[in-house]
Amino acid sequence: MEKKHNLGKDILLGAGLVAVAAAAAGTYFLYGSKNAPKNRKMVKAWSLKAKGEVLEKLEKLKEVNEEVYHNIVDQVSAKYETLKNIDKKDVMAFADELKKHWKGIEKEVKASLKKKK
């Protein structure tokens with residue numbers, strides 16, 4: 001018996017996984033990493049806004065992988081590096097920190113995928 005391919009269901013599942021990745025990115029940075037308490041203390045208003053922008057961009061995607069995630073972090077970080085009242089070193093540290101969390105985010109996405117199947 002041939003299995004029918006349901007494109008709508010696949011798109012919905014993909015969109016759900018991207019949303020999970022976006023939420024996982026934020027949660028992992030503030031609560032899941034070994035540096036979470038330090039991360040919560042050093043979060044500044046601009047970094048919350050930047051993180052929100054990263055999450056918004058992730059939510060618009062149908063599929064997320066490490067390269068896409070890193071590119072989005074780079075795009076958003078580049079915007080904040082140009083602002084006069086924000087230290088470029090802080091922006092670079094922010095971007096590096098978000099990029100380090102990809103493995104944790106990936107694990108959460110995979111776990112979510114298993115639950116949905």
Side-chain angles (χ1 to χ4, degrees):
M1 190 159 132
E2 187 177 320
K3 183 178 178 181
K4 290 185 180 181
H5 188 68
N6 188 336
L7 181 60
K9 185 177 177 183
D10 289 348
I11 290 172
L12 206 55
L13 182 61
L17 292 176
V18 171
V20 168
T27 303
Y28 191 82
F29 179 73
L30 292 174
Y31 300 101
S33 74
K34 66 179 181 178
N35 296 326
K38 183 176 115 183
N39 291 344
R40 287 192 300 272
K41 285 183 181 178
M42 68 178 224
V43 170
K44 297 178 182 179
W46 70 264
S47 67
L48 288 174
K49 186 174 178 184
K51 187 175 67 160
E53 290 178 32
V54 169
L55 297 177
E56 283 179 24
K57 288 180 182 279
L58 287 173
E59 288 173 347
K60 291 178 183 177
L61 300 175
K62 292 182 180 175
E63 188 175 318
V64 138
N65 60 40
E66 185 173 14
E67 181 180 350
V68 169
Y69 175 72
H70 283 213
N71 285 336
I72 289 172
V73 170
D74 288 339
Q75 289 172 8
V76 171
S77 297
K79 173 184 166 185
Y80 284 85
E81 282 182 351
T82 63
L83 300 177
K84 292 180 182 177
N85 62 339
I86 300 174
D87 189 342
K88 288 182 182 183
K89 290 179 185 176
D90 287 342
V91 176
M92 289 172 46
F94 167 81
D96 288 343
E97 187 67 31
L98 284 182
K99 287 178 181 180
K100 287 178 188 175
H101 296 300
W102 171 252
K103 295 295 180 194
I105 294 165
E106 184 179 41
K107 285 179 187 176
E108 287 196 35
V109 170
K110 286 181 180 179
S112 177
L113 179 62
K114 286 180 183 178
K115 286 180 185 177
K116 288 185 179 191
K117 285 186 177 182

Legend entry - Flag side-chain contact, heavy atom, 4.5 Å: Lys49 against Tyr80: yes
Legend entry - Nearest atoms (heavy-atom pairs only) where Glu97 meets His101: O-CD2, 2.7 Å
Inset, instruction - Sequence neighbours left out, what passes side-chain contact (heavy atoms from CB on, under 4.5 Å) with Asp96? Give chain and number order. - result: none
Legend entry - With sequence neighbours excluded, residues passing side chain to side chain donor-acceptor pair (under 3.5 Å) with Lys99: Asp74
Legend entry - Minimum heavy-atom distance between His70 and Trp102, given as atom pair plus value: NE2-CB, 4.1 Å
Inset, instruction - Indicate yes or no: at least one non-hydrogen side-chain atom of Lys79 is less than 4.5 angstrom from one of Gln75. - result: no
Inset, instruction - Nearest 0.5 Å please: distance from the CG atom of Leu58 over to the CD atom of Glu53. - result: 12.0 Å
Inset, instruction - Using a 4.5 Å cut-off on heavy atoms from C-beta on, say whether the side chain of Leu83 contacts that of Trp46. - result: no
Inset, instruction - Would you please name every residue forming a side-chain contact (heavy atoms from CB on, under 4.5 Å) with Ala95, sequence neighbours left out? - result: Val73, Ser77
Inset, instruction - Please say which of Val68, Val64, Ile72 ends up in a side chain to side chain contact (heavy atoms under 4.5 Å, CB included) with Lys57. - result: Ile72
